[in-house]
Amino acid sequence: MASRIIPVDPFDLVVFGGTGDLARRKIIPALFRRWCAGQMRDGTRIIGAARSERDSEEYRALIGDALAEFAGPAARDADAVTGFLAILDYVTIDATGTLGWSELRDLLNPQRVRAFYFSVGPELFGPLAERLHKHGMADGESRIVVEKPFGNDQSSAEALNRTLTTHFQEHQIYRIDHYLGKETVQNLMAIRFANMLFEPLWNSQYVDHIQITVAETVGVAGRGAYYDHAGAMRDMVQNHLMQLLCLIAMEPPAKFDPDAVRDEKLKVIRALDPVARDDIVRGQYLGDSANAGYREDVGNPDSTTESFAALRVQISNWRWAGTPIYLRTGKRLRARASEIAVVFKETPHSIFGAEAGRHRNILTIRLQPNEGIDLDMTIKEPGPGGMRLVDVPLDMTFAQALGPEAQDVPDAYERLIMDVVRGNQTLFMRCDEVEAAWAWIDPAIRLCEDEALPVLPYDPGSSGPEDALALMHRDGRRWREIKP
Ligand code: NAD
(Lines give C-alpha, C1' and ligand atoms only; values in the text may rest on other atoms or scores of the structure.)
Protein backbone atom coordinates (compact mmCIF):
# COMPACT_ATOMS: atom_id res chain seq x y z
CA MET A 1 0.00 0.00 0.00
CA ALA A 2 1.63 3.26 -1.07
CA SER A 3 1.46 6.08 1.45
CA ARG A 4 0.36 9.35 -0.03
CA ILE A 5 2.74 12.27 0.39
CA ILE A 6 1.10 15.62 -0.07
CA PRO A 7 3.87 18.22 -0.47
CA VAL A 8 3.51 21.42 1.52
CA ASP A 9 4.20 24.86 0.09
CA PRO A 10 7.69 26.27 0.68
CA PHE A 11 8.08 27.54 4.23
CA ASP A 12 10.72 28.99 6.54
CA LEU A 13 11.30 27.12 9.80
CA VAL A 14 13.50 28.63 12.48
CA VAL A 15 14.70 26.27 15.21
CA PHE A 16 15.68 28.28 18.26
CA GLY A 17 18.08 26.08 20.18
CA GLY A 18 19.05 24.56 16.81
CA THR A 19 22.34 23.26 18.22
CA GLY A 20 20.78 21.60 21.27
CA ASP A 21 20.07 17.98 22.08
CA LEU A 22 16.39 17.97 21.09
CA ALA A 23 17.07 19.71 17.78
CA ARG A 24 19.92 17.38 16.83
CA ARG A 25 18.23 14.17 18.00
CA LYS A 26 14.62 14.73 16.98
CA ILE A 27 13.62 17.92 15.21
CA ILE A 28 16.18 18.19 12.41
CA PRO A 29 16.27 14.42 11.69
CA ALA A 30 12.46 14.56 11.45
CA LEU A 31 12.69 17.38 8.92
CA PHE A 32 15.34 15.48 7.01
CA ARG A 33 13.10 12.42 6.70
CA ARG A 34 10.21 14.55 5.44
CA TRP A 35 12.56 16.15 2.95
CA CYS A 36 13.67 12.69 1.76
CA ALA A 37 10.01 11.66 1.47
CA GLY A 38 9.48 14.53 -0.95
CA GLN A 39 7.13 16.49 1.27
CA MET A 40 9.05 19.76 1.12
CA ARG A 41 9.05 21.79 -2.06
CA ASP A 42 12.05 23.67 -3.43
CA GLY A 43 12.62 26.94 -1.69
CA THR A 44 11.91 25.66 1.84
CA ARG A 45 14.49 26.81 4.35
CA ILE A 46 15.45 25.66 7.82
CA ILE A 47 17.37 28.08 9.97
CA GLY A 48 19.12 27.04 13.15
CA ALA A 49 19.32 29.87 15.68
CA ALA A 50 21.28 29.50 18.87
CA ARG A 51 23.66 31.27 21.17
CA SER A 52 26.95 29.78 20.04
CA GLU A 53 28.92 31.58 17.36
CA ARG A 54 29.33 29.66 14.13
CA ASP A 55 28.57 30.21 10.46
CA SER A 56 26.10 28.30 8.28
CA GLU A 57 28.83 26.03 6.92
CA GLU A 58 29.84 24.97 10.44
CA TYR A 59 26.19 24.45 11.31
CA ARG A 60 25.71 22.16 8.30
CA ALA A 61 28.69 20.11 9.46
CA LEU A 62 27.16 19.83 12.96
CA ILE A 63 23.83 18.74 11.51
CA GLY A 64 25.53 16.33 9.08
CA ASP A 65 26.98 14.54 12.11
CA ALA A 66 23.61 14.60 13.87
CA LEU A 67 21.88 13.05 10.85
CA ALA A 68 24.47 10.27 10.67
CA GLU A 69 23.82 9.50 14.33
CA PHE A 70 20.08 10.00 14.66
CA ALA A 71 18.34 9.97 11.27
CA GLY A 72 18.41 6.24 10.62
CA PRO A 73 19.06 4.52 7.27
CA ALA A 74 18.03 7.56 5.19
CA ALA A 75 21.23 9.29 6.30
CA ARG A 76 23.31 6.74 4.36
CA ASP A 77 22.16 8.41 1.14
CA ALA A 78 24.96 10.95 0.68
CA ASP A 79 23.12 12.89 -2.07
CA ALA A 80 20.05 13.23 0.11
CA VAL A 81 22.14 14.51 3.02
CA THR A 82 23.96 17.03 0.80
CA GLY A 83 20.69 18.22 -0.70
CA PHE A 84 19.09 18.66 2.69
CA LEU A 85 22.07 20.42 4.25
CA ALA A 86 21.91 22.94 1.41
CA ILE A 87 18.55 24.24 2.70
CA LEU A 88 20.01 24.95 6.16
CA ASP A 89 21.23 28.29 7.45
CA TYR A 90 22.39 29.44 10.82
CA VAL A 91 22.06 32.66 12.79
CA THR A 92 23.83 33.37 16.05
CA ILE A 93 21.16 34.86 18.26
CA ASP A 94 20.69 35.94 21.83
CA ALA A 95 17.17 35.16 23.00
CA THR A 96 17.45 37.68 25.81
CA GLY A 97 19.42 40.40 24.00
CA THR A 98 19.68 42.13 20.65
CA LEU A 99 22.26 40.00 18.83
CA GLY A 100 21.09 38.38 15.60
CA TRP A 101 17.47 39.56 15.43
CA SER A 102 17.74 41.89 12.45
CA GLU A 103 19.78 39.31 10.60
CA LEU A 104 17.12 36.68 11.24
CA ARG A 105 14.30 38.95 10.06
CA ASP A 106 16.19 39.77 6.85
CA LEU A 107 16.61 36.06 6.11
CA LEU A 108 12.89 35.30 6.27
CA ASN A 109 10.26 35.69 3.60
CA PRO A 110 7.18 37.41 5.09
CA GLN A 111 4.99 36.11 2.23
CA ARG A 112 5.15 32.49 3.31
CA VAL A 113 4.54 30.35 6.38
CA ARG A 114 7.15 31.10 9.02
CA ALA A 115 7.34 28.64 11.90
CA PHE A 116 9.48 29.27 14.96
CA TYR A 117 10.29 26.19 17.00
CA PHE A 118 11.20 27.07 20.61
CA SER A 119 13.59 24.19 21.38
CA VAL A 120 15.03 26.02 24.37
CA GLY A 121 14.35 26.18 28.10
CA PRO A 122 10.91 27.57 29.05
CA GLU A 123 12.49 30.66 30.64
CA LEU A 124 13.28 31.78 27.08
CA PHE A 125 9.74 31.34 25.66
CA GLY A 126 8.67 34.84 26.77
CA PRO A 127 11.83 36.66 25.58
CA LEU A 128 11.65 34.87 22.21
CA ALA A 129 7.97 35.68 21.67
CA GLU A 130 8.55 39.29 22.64
CA ARG A 131 11.49 39.72 20.26
CA LEU A 132 9.73 38.02 17.37
CA HIS A 133 6.89 40.47 17.83
CA LYS A 134 9.14 43.47 18.21
CA HIS A 135 11.03 42.62 15.02
CA GLY A 136 7.87 42.17 12.97
CA MET A 137 7.91 38.37 12.76
CA ALA A 138 4.72 37.61 14.72
CA ASP A 139 2.18 38.53 12.09
CA GLY A 140 0.06 36.74 9.48
CA GLU A 141 1.38 33.31 8.65
CA SER A 142 3.80 33.15 11.60
CA ARG A 143 3.41 30.41 14.18
CA ILE A 144 5.38 29.27 17.19
CA VAL A 145 5.95 25.76 18.50
CA VAL A 146 6.62 25.37 22.21
CA GLU A 147 8.05 22.29 23.87
CA LYS A 148 7.24 20.93 27.28
CA PRO A 149 7.55 21.73 30.10
CA PHE A 150 4.66 24.15 29.73
CA GLY A 151 4.80 25.64 33.21
CA ASN A 152 5.30 23.73 36.42
CA ASP A 153 1.92 24.47 37.95
CA GLN A 154 -1.33 26.18 37.05
CA SER A 155 -0.22 29.71 37.81
CA SER A 156 3.07 29.44 35.92
CA ALA A 157 1.24 27.91 32.93
CA GLU A 158 -1.28 30.76 33.03
CA ALA A 159 1.53 33.30 33.20
CA LEU A 160 3.25 31.66 30.24
CA ASN A 161 0.02 31.65 28.25
CA ARG A 162 -0.48 35.32 29.06
CA THR A 163 3.03 36.13 27.85
CA LEU A 164 2.69 34.16 24.63
CA THR A 165 -0.77 35.51 23.84
CA THR A 166 0.47 39.08 24.30
CA HIS A 167 2.55 38.58 21.15
CA PHE A 168 0.80 35.78 19.26
CA GLN A 169 -2.81 34.73 18.85
CA GLU A 170 -3.93 31.33 20.10
CA HIS A 171 -4.27 30.00 16.54
CA GLN A 172 -0.56 30.73 16.05
CA ILE A 173 0.60 28.81 19.15
CA TYR A 174 1.40 25.09 18.86
CA ARG A 175 2.03 23.46 22.25
CA ILE A 176 3.59 20.19 21.28
CA ASP A 177 3.11 16.85 23.04
CA HIS A 178 4.87 14.32 20.86
CA TYR A 179 2.71 11.48 22.21
CA LEU A 180 -0.17 12.93 20.24
CA GLY A 181 1.79 12.60 17.00
CA LYS A 182 2.12 8.85 17.27
CA GLU A 183 0.39 6.87 14.57
CA THR A 184 -1.48 4.69 17.05
CA VAL A 185 -2.78 7.62 19.03
CA GLN A 186 -4.46 8.94 15.94
CA ASN A 187 -5.59 5.47 15.11
CA LEU A 188 -7.27 5.40 18.46
CA MET A 189 -9.59 8.12 17.18
CA ALA A 190 -10.13 6.22 13.92
CA ILE A 191 -10.93 3.02 15.79
CA ARG A 192 -13.38 4.76 18.06
CA PHE A 193 -15.07 7.06 15.60
CA ALA A 194 -14.81 5.32 12.23
CA ASN A 195 -16.08 1.90 13.38
CA MET A 196 -19.50 0.96 14.67
CA LEU A 197 -18.11 -1.90 16.71
CA PHE A 198 -16.68 -0.24 19.79
CA GLU A 199 -18.49 3.00 20.46
CA PRO A 200 -21.72 1.38 21.77
CA LEU A 201 -19.59 -0.55 24.29
CA TRP A 202 -17.36 2.39 25.21
CA ASN A 203 -18.85 3.18 28.61
CA SER A 204 -19.05 2.03 32.20
CA GLN A 205 -21.75 -0.50 31.42
CA TYR A 206 -19.31 -2.60 29.39
CA VAL A 207 -15.83 -1.38 30.30
CA ASP A 208 -14.54 -2.65 33.63
CA HIS A 209 -11.52 -0.37 33.76
CA ILE A 210 -8.80 1.21 31.64
CA GLN A 211 -5.04 1.03 32.20
CA ILE A 212 -2.58 3.49 30.73
CA THR A 213 1.09 2.60 31.11
CA VAL A 214 4.11 4.54 29.93
CA ALA A 215 7.16 2.60 31.09
CA GLU A 216 10.76 3.46 30.35
CA THR A 217 13.99 1.56 30.98
CA VAL A 218 16.18 4.64 31.03
CA GLY A 219 16.94 6.61 34.18
CA VAL A 220 17.19 10.37 34.51
CA ALA A 221 20.97 10.71 34.29
CA GLY A 222 21.86 13.68 32.10
CA ARG A 223 18.68 15.60 32.88
CA GLY A 224 18.70 15.14 36.63
CA ALA A 225 18.70 18.85 37.49
CA TYR A 226 15.46 19.43 35.58
CA TYR A 227 13.86 16.13 36.52
CA ASP A 228 14.41 16.42 40.24
CA HIS A 229 12.27 19.58 40.24
CA ALA A 230 9.59 18.00 38.09
CA GLY A 231 9.17 14.32 38.93
CA ALA A 232 6.96 11.85 37.10
CA MET A 233 3.76 13.71 37.98
CA ARG A 234 4.82 16.91 36.20
CA ASP A 235 7.09 15.38 33.56
CA MET A 236 4.75 12.61 32.36
CA VAL A 237 1.33 12.48 34.04
CA GLN A 238 0.28 16.12 33.58
CA ASN A 239 0.91 16.00 29.86
CA HIS A 240 1.42 12.65 28.09
CA LEU A 241 -0.76 10.41 30.26
CA MET A 242 -3.53 12.95 30.59
CA GLN A 243 -3.59 13.53 26.86
CA LEU A 244 -3.98 9.80 26.28
CA LEU A 245 -6.66 9.67 28.95
CA CYS A 246 -8.56 12.46 27.19
CA LEU A 247 -8.47 10.75 23.82
CA ILE A 248 -9.63 7.43 25.19
CA ALA A 249 -12.43 8.92 27.28
CA MET A 250 -13.75 11.87 25.29
CA GLU A 251 -17.16 12.07 23.67
CA PRO A 252 -17.25 11.86 19.87
CA PRO A 253 -16.58 15.36 18.53
CA ALA A 254 -19.05 16.60 15.94
CA LYS A 255 -16.24 16.75 13.39
CA PHE A 256 -12.53 16.13 13.13
CA ASP A 257 -11.67 19.74 13.60
CA PRO A 258 -9.06 21.17 16.01
CA ASP A 259 -11.44 23.00 18.31
CA ALA A 260 -14.15 20.34 18.23
CA VAL A 261 -11.61 17.70 19.32
CA ARG A 262 -10.01 19.93 21.94
CA ASP A 263 -13.38 20.98 23.36
CA GLU A 264 -14.17 17.32 24.04
CA LYS A 265 -10.76 16.65 25.60
CA LEU A 266 -11.19 19.63 27.87
CA LYS A 267 -14.56 18.31 29.09
CA VAL A 268 -12.84 15.08 30.19
CA ILE A 269 -10.23 16.96 32.23
CA ARG A 270 -12.95 19.04 33.85
CA ALA A 271 -14.90 15.91 34.79
CA LEU A 272 -11.97 14.29 36.62
CA ASP A 273 -12.50 13.79 40.34
CA PRO A 274 -9.79 15.09 42.65
CA VAL A 275 -7.28 12.31 43.37
CA ALA A 276 -7.45 10.96 46.91
CA ARG A 277 -4.32 10.35 48.95
CA ASP A 278 -4.86 6.58 48.85
CA ASP A 279 -5.07 6.66 45.08
CA ILE A 280 -1.49 7.77 44.46
CA VAL A 281 1.66 5.67 44.72
CA ARG A 282 5.08 7.25 44.24
CA GLY A 283 8.39 5.49 43.80
CA GLN A 284 12.08 6.07 43.23
CA TYR A 285 14.41 3.58 41.52
CA LEU A 286 17.31 2.07 43.38
CA GLY A 287 20.74 1.43 41.89
CA ASP A 288 22.26 -1.91 40.97
CA SER A 289 25.69 -3.17 39.95
CA ALA A 290 25.31 -1.65 36.48
CA ASN A 291 23.54 1.63 37.14
CA ALA A 292 23.28 4.36 39.73
CA GLY A 293 20.07 4.86 41.63
CA TYR A 294 17.79 7.86 41.25
CA ARG A 295 19.32 9.94 44.02
CA GLU A 296 22.80 9.48 42.62
CA ASP A 297 21.56 10.26 39.09
CA VAL A 298 20.15 13.59 40.23
CA GLY A 299 23.00 14.31 42.65
CA ASN A 300 20.65 14.79 45.58
CA PRO A 301 21.02 12.18 48.35
CA ASP A 302 17.86 13.44 50.11
CA SER A 303 15.64 13.76 47.06
CA THR A 304 11.98 12.88 47.60
CA THR A 305 11.00 13.38 43.94
CA GLU A 306 9.23 10.45 42.31
CA SER A 307 10.62 8.64 39.26
CA PHE A 308 7.47 6.47 39.27
CA ALA A 309 3.82 7.35 39.77
CA ALA A 310 0.67 5.26 39.73
CA LEU A 311 -2.78 6.79 40.12
CA ARG A 312 -6.37 5.66 40.27
CA VAL A 313 -8.50 8.19 38.49
CA GLN A 314 -12.25 8.59 38.21
CA ILE A 315 -14.18 10.54 35.61
CA SER A 316 -17.51 11.77 36.93
CA ASN A 317 -19.78 11.84 33.93
CA TRP A 318 -22.55 9.64 32.53
CA ARG A 319 -20.25 7.64 30.33
CA TRP A 320 -17.57 6.75 32.84
CA ALA A 321 -18.95 6.92 36.39
CA GLY A 322 -17.93 3.63 38.03
CA THR A 323 -15.12 2.78 35.59
CA PRO A 324 -11.74 3.58 37.16
CA ILE A 325 -8.78 4.52 35.04
CA TYR A 326 -5.36 3.50 36.29
CA LEU A 327 -2.33 5.48 35.19
CA ARG A 328 1.24 4.33 35.64
CA THR A 329 4.56 5.70 34.46
CA GLY A 330 8.15 5.33 35.58
CA LYS A 331 11.83 5.20 34.77
CA ARG A 332 14.12 2.16 34.93
CA LEU A 333 11.23 -0.25 34.71
CA ARG A 334 11.21 -3.76 33.29
CA ALA A 335 10.72 -2.75 29.66
CA ARG A 336 10.14 0.23 27.43
CA ALA A 337 6.48 -0.16 26.77
CA SER A 338 3.60 2.26 26.40
CA GLU A 339 0.06 1.07 26.02
CA ILE A 340 -3.56 1.78 26.73
CA ALA A 341 -5.64 -1.26 27.67
CA VAL A 342 -9.42 -1.10 27.69
CA VAL A 343 -10.53 -4.05 29.81
CA PHE A 344 -14.13 -5.05 29.15
CA LYS A 345 -16.40 -6.68 31.73
CA GLU A 346 -16.99 -10.40 31.88
CA THR A 347 -20.08 -11.74 30.20
CA PRO A 348 -23.01 -11.59 32.65
CA HIS A 349 -23.44 -15.35 32.55
CA SER A 350 -21.29 -18.21 31.26
CA ILE A 351 -23.13 -20.97 29.44
CA PHE A 352 -19.96 -23.06 29.43
CA GLY A 353 -19.87 -23.77 33.15
CA ALA A 354 -17.44 -22.84 35.88
CA GLU A 355 -14.59 -25.00 34.57
CA ALA A 356 -14.45 -22.97 31.34
CA GLY A 357 -13.36 -20.00 33.43
CA ARG A 358 -14.38 -16.40 33.03
CA HIS A 359 -12.79 -14.37 30.30
CA ARG A 360 -12.58 -10.76 29.30
CA ASN A 361 -12.05 -8.93 26.06
CA ILE A 362 -9.17 -6.49 26.22
CA LEU A 363 -8.48 -3.91 23.57
CA THR A 364 -4.84 -2.89 23.76
CA ILE A 365 -3.46 0.10 21.92
CA ARG A 366 0.34 -0.21 21.86
CA LEU A 367 2.18 3.07 21.43
CA GLN A 368 5.70 1.71 21.59
CA PRO A 369 7.39 -0.46 20.67
CA ASN A 370 5.60 -2.30 17.81
CA GLU A 371 2.86 0.28 17.42
CA GLY A 372 -0.37 -1.56 16.86
CA ILE A 373 -3.65 -2.74 18.28
CA ASP A 374 -4.65 -6.07 19.83
CA LEU A 375 -8.09 -7.30 20.70
CA ASP A 376 -8.11 -10.27 23.07
CA MET A 377 -10.99 -12.54 22.10
CA THR A 378 -12.16 -15.68 23.80
CA ILE A 379 -12.53 -18.67 21.48
CA LYS A 380 -12.81 -22.42 21.76
CA GLU A 381 -9.47 -24.10 22.18
CA PRO A 382 -8.98 -26.08 18.95
CA GLY A 383 -9.28 -29.86 19.01
CA PRO A 384 -11.55 -32.49 20.49
CA GLY A 385 -12.21 -32.88 24.17
CA GLY A 386 -15.06 -30.61 24.98
CA MET A 387 -15.57 -26.92 25.24
CA ARG A 388 -12.42 -25.40 26.62
CA LEU A 389 -11.99 -21.66 26.20
CA VAL A 390 -8.83 -19.79 25.44
CA ASP A 391 -7.96 -16.10 24.97
CA VAL A 392 -6.25 -15.21 21.70
CA PRO A 393 -5.26 -11.80 20.41
CA LEU A 394 -6.52 -10.44 17.13
CA ASP A 395 -3.25 -8.71 16.39
CA MET A 396 -3.10 -5.70 14.16
CA THR A 397 0.57 -4.83 14.19
CA PHE A 398 0.71 -2.13 11.56
CA ALA A 399 3.98 -3.38 10.14
CA GLN A 400 2.38 -6.77 9.42
CA ALA A 401 -1.06 -5.62 8.41
CA LEU A 402 -0.03 -2.85 6.07
CA GLY A 403 3.23 -4.21 4.67
CA PRO A 404 6.65 -2.58 4.41
CA GLU A 405 5.20 0.91 3.90
CA ALA A 406 3.89 0.82 7.44
CA GLN A 407 7.40 0.51 8.82
CA ASP A 408 8.07 3.81 7.20
CA VAL A 409 5.30 5.77 8.89
CA PRO A 410 6.50 9.23 9.90
CA ASP A 411 7.54 9.51 13.52
CA ALA A 412 5.65 11.82 15.84
CA TYR A 413 7.88 14.85 15.28
CA GLU A 414 7.68 14.50 11.50
CA ARG A 415 3.91 14.47 11.54
CA LEU A 416 3.55 17.26 14.08
CA ILE A 417 5.98 19.64 12.39
CA MET A 418 4.18 19.13 9.08
CA ASP A 419 0.89 19.85 10.89
CA VAL A 420 2.40 23.14 12.10
CA VAL A 421 3.33 24.06 8.54
CA ARG A 422 -0.16 23.11 7.32
CA GLY A 423 -1.75 25.07 10.14
CA ASN A 424 -3.57 22.11 11.71
CA GLN A 425 -3.78 22.39 15.51
CA THR A 426 -5.81 19.23 16.20
CA LEU A 427 -2.89 17.39 17.79
CA PHE A 428 -1.63 20.34 19.83
CA MET A 429 -2.78 21.42 23.24
CA ARG A 430 -4.91 24.52 23.57
CA CYS A 431 -4.21 27.02 26.39
CA ASP A 432 -7.35 26.11 28.37
CA GLU A 433 -6.52 22.39 28.14
CA VAL A 434 -3.04 22.90 29.56
CA GLU A 435 -4.33 25.08 32.36
CA ALA A 436 -7.14 22.64 33.21
CA ALA A 437 -4.64 19.77 33.33
CA TRP A 438 -2.53 21.69 35.82
CA ALA A 439 -5.60 22.71 37.81
CA TRP A 440 -6.43 19.01 38.23
CA ILE A 441 -2.94 17.75 39.02
CA ASP A 442 -1.74 20.61 41.25
CA PRO A 443 -3.72 19.43 44.30
CA ALA A 444 -2.45 15.88 43.74
CA ILE A 445 1.14 17.14 43.65
CA ARG A 446 0.50 19.21 46.77
CA LEU A 447 -0.85 16.09 48.48
CA CYS A 448 2.40 14.33 47.64
CA GLU A 449 4.51 17.21 48.88
CA ASP A 450 2.57 18.58 51.85
CA GLU A 451 1.46 15.32 53.37
CA ALA A 452 4.82 13.77 52.73
CA LEU A 453 3.29 10.94 50.74
CA PRO A 454 6.17 8.48 50.92
CA VAL A 455 8.32 7.88 47.91
CA LEU A 456 8.89 4.13 47.87
CA PRO A 457 12.08 2.52 46.60
CA TYR A 458 11.82 0.02 43.75
CA ASP A 459 14.30 -2.25 42.06
CA PRO A 460 15.52 -1.31 38.60
CA GLY A 461 14.02 -3.67 36.05
CA SER A 462 10.89 -4.20 38.16
CA SER A 463 7.31 -3.00 37.65
CA GLY A 464 7.64 -0.29 40.29
CA PRO A 465 6.90 -0.37 44.02
CA GLU A 466 4.79 -3.17 45.50
CA ASP A 467 2.21 -0.62 46.61
CA ALA A 468 1.43 0.11 42.98
CA LEU A 469 0.30 -3.50 42.62
CA ALA A 470 -1.78 -3.13 45.75
CA LEU A 471 -3.49 -0.07 44.26
CA MET A 472 -5.22 -2.40 41.82
CA HIS A 473 -5.37 -5.52 43.99
CA ARG A 474 -7.58 -3.78 46.49
CA ASP A 475 -10.10 -3.26 43.66
CA GLY A 476 -9.80 -6.93 42.69
CA ARG A 477 -7.86 -6.07 39.53
CA ARG A 478 -4.28 -6.32 38.40
CA TRP A 479 -1.90 -4.47 36.16
CA ARG A 480 -0.96 -5.93 32.85
CA GLU A 481 2.58 -7.14 32.62
CA ILE A 482 5.09 -4.55 31.43
CA LYS A 483 6.71 -6.23 28.46
CA PRO A 484 8.25 -5.06 25.21
P1 NAD B 1 20.06 21.88 25.26
O2 NAD B 1 20.62 22.49 26.52
O3 NAD B 1 20.75 20.72 24.64
O4 NAD B 1 20.01 23.04 24.14
C5 NAD B 1 19.62 24.35 24.43
C6 NAD B 1 19.72 25.21 23.18
O7 NAD B 1 19.27 26.52 23.52
C8 NAD B 1 21.14 25.38 22.62
O9 NAD B 1 21.08 25.37 21.22
C10 NAD B 1 21.55 26.77 23.11
O11 NAD B 1 22.48 27.44 22.25
C12 NAD B 1 20.22 27.47 23.07
N13 NAD B 1 20.20 28.63 23.98
C14 NAD B 1 20.33 28.63 25.32
N15 NAD B 1 20.27 29.89 25.79
C16 NAD B 1 20.11 30.71 24.71
C17 NAD B 1 19.98 32.10 24.53
N18 NAD B 1 20.01 32.97 25.55
N19 NAD B 1 19.81 32.57 23.28
C20 NAD B 1 19.76 31.73 22.22
N21 NAD B 1 19.86 30.40 22.33
C22 NAD B 1 20.06 29.90 23.56
O23 NAD B 1 18.53 21.58 25.57
P24 NAD B 1 17.57 20.49 24.85
O25 NAD B 1 17.76 19.17 25.51
O26 NAD B 1 17.73 20.58 23.39
O27 NAD B 1 16.12 20.97 25.30
C28 NAD B 1 15.51 22.17 24.80
C29 NAD B 1 14.12 22.30 25.43
O30 NAD B 1 13.29 21.23 25.03
C31 NAD B 1 14.13 22.27 26.96
O32 NAD B 1 13.13 23.12 27.45
C33 NAD B 1 13.77 20.83 27.29
O34 NAD B 1 13.13 20.72 28.54
C35 NAD B 1 12.80 20.54 26.17
N36 NAD B 1 12.72 19.12 25.84
C37 NAD B 1 13.83 18.40 25.55
C38 NAD B 1 13.73 17.07 25.22
C39 NAD B 1 14.96 16.26 24.84
O40 NAD B 1 14.77 15.08 24.52
N41 NAD B 1 16.15 16.81 24.86
C42 NAD B 1 12.47 16.44 25.18
C43 NAD B 1 11.33 17.21 25.47
C44 NAD B 1 11.47 18.54 25.79
Side-chain angles (χ1 to χ4, degrees), residues 13-31 46-56 58-59 61-63 65-66 69-71 88-104 116-132 134-135 137 144-152 156-157 160 163-164 174-182 214 216 218-232 234-241 243 298 329 331 336 338 368 411-413 416-417 428-429 434:
L13 173 68
V14 179
V15 184
F16 290 111
T19 59
D21 177 70
L22 181 65
R24 285 181 298 111
R25 253 179 346 102
K26 294 285 185 191
I27 301 168
I28 310 271
L31 288 161
I46 296 162
I47 297 151
R51 200 167 32 179
S52 51
E53 264 196 50
R54 48 166 58 89
D55 60 24
S56 291
E58 289 165 327
Y59 186 61
L62 177 88
I63 295 303
D65 292 344
E69 196 174 348
F70 303 117
L88 297 189
D89 271 308
Y90 182 79
V91 178
T92 302
I93 210 157
D94 182 1
T96 55
T98 53
L99 178 73
W101 287 96
S102 310
E103 195 188 340
L104 178 65
F116 300 94
Y117 201 123
F118 291 6
S119 179
V120 293
E123 70 286 356
L124 297 181
F125 293 174
L128 285 176
E130 187 189 326
R131 280 162 182 74
L132 284 170
K134 184 171 158 203
H135 290 273
M137 290 179 269
I144 56 174
V145 185
V146 286
E147 267 290 341
K148 76 169 199 182
F150 200 87
N152 57 9
S156 58
L160 196 47
T163 307
L164 296 183
Y174 290 71
R175 296 173 194 80
I176 201 163
D177 181 331
H178 69 272
Y179 269 68
L180 296 187
K182 288 183 182 293
V214 177
E216 298 175 279
V218 293
V220 300
R223 53 193 290 253
Y226 156 73
Y227 194 93
D228 205 37
H229 283 107
R234 290 188 175 93
D235 188 53
M236 296 297 291
V237 180
Q238 186 272 344
N239 38 58
H240 306 317
L241 277 86
Q243 287 294 318
V298 299
T329 182
K331 307 278 183 198
R336 175 172 174 264
S338 301
Q368 62 189 21
D411 88 355
Y413 277 97
L416 292 172
I417 295 171
F428 296 83
M429 294 174 290
V434 175

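Order of listing sets the numbers, starting from 1, for every ligand and every atom in it. Just the heavy atoms: all of them, side chains too, but no hydrogens, waters or symmetry mates, feed the values below.
Contact between I176 and M429 at its shortest, heavy atoms only, is O-CE, 4.0 Å. Looking at every heavy atom in both residues, S52 comes nearest to Y90 through O-OH, 2.6 Å. Nearest heavy atom pair, residue G126 against residue T163, reads CA-CG2, 3.5 Å.
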> For K331 and D235, what are the C-alpha separation, side-chain angles and deciding distance, and is it a side chain to side chain contact (heavy atoms under 4.5 Å, CB included)?
Replying inline: CA-CA 11 Å; K331 307 278 183 198; D235 188 53; 4.2 Å; yes

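Side chains of H178 and K26: a donor-acceptor N/O pair is absent below 3.5 angstrom, by distance only.
Two residues are said to be in side-chain contact when any heavy atoms from C-beta on lie closer than 4.5 Å; R25 and Y413 fail this criterion.
Atoms of ligand 1 lying under 4.0 Å from any heavy atom of D94, numbered from 1 in the order shown and given with element: 18 (N), 19 (N). Atoms of ligand 1 lying under 4.0 Å from at least one heavy atom of P149, given by number and element, are 34 (O). Of all atoms in ligand 1, listed by their number and element, those nearer than 4.0 Å to a heavy atom of A50 are 9 (O), 11 (O), 21 (N). Close contacts between ligand 1 and R25 involve ligand atoms 39 (C), 40 (O), 41 (N) [criterion: under 4.0 Å to a heavy atom]. The ligand atoms of ligand 1 that sit less than 4.0 angstrom from a heavy atom of G121 are 32 (O). Set against the non-hydrogen atoms of P122, the atoms of ligand 1 under 4.0 Å away are 32 (O).
Ranking protein heavy atoms by distance to atom 28 (C) of ligand 1, first place goes to S119 O, 3.4 Å. From the protein, the heavy atom lying nearest to atom 16 (C) of ligand 1 is L124 CD1, 3.5 Å. For atom 33 (C) of ligand 1, the closest non-hydrogen atom on the protein side is K148 O, 4.2 Å. With respect to atom 22 (C) of ligand 1, the closest heavy atom belonging to the protein is R51 CB, 3.8 Å. Annotation: atom 20 (C) of ligand 1 to nearest protein heavy atom, I93 O, 3.3 Å. For atom 19 (N) of ligand 1, the nearest protein heavy atom (residue, atom name, distance) is A95 N, 2.9 Å. Nearest to atom 24 (P) of ligand 1 among the protein's heavy atoms is L22 N, 3.8 Å. Residue, atom and distance of the protein heavy atom nearest to atom 32 (O) of ligand 1 are V120 O, 2.9 Å.
Note that the CZ atom of F16 and the CG atom of L132 stand 4.5 Å from one another [nearest 0.5 Å]. Expressed to the nearest 0.5 Å, how far CG of L128 lies from CD1 of I93 amounts to 8.0 Å.
Not a single donor-acceptor pair under 3.5 Å links the side chain of Y117 to the backbone N or O of I27.
Note: an N/O pair closer than 3.5 Å links D21 and ligand 1 by distance alone. Where the criterion is an N or O separation shorter than 3.5 Å, residue side chain and backbone included, T19 meets it with respect to ligand 1.
In E123, the CD atom is crowded: over 12 heavy atoms of neighbouring residues, nucleotides or ligands sit closer than 6.0 Å.
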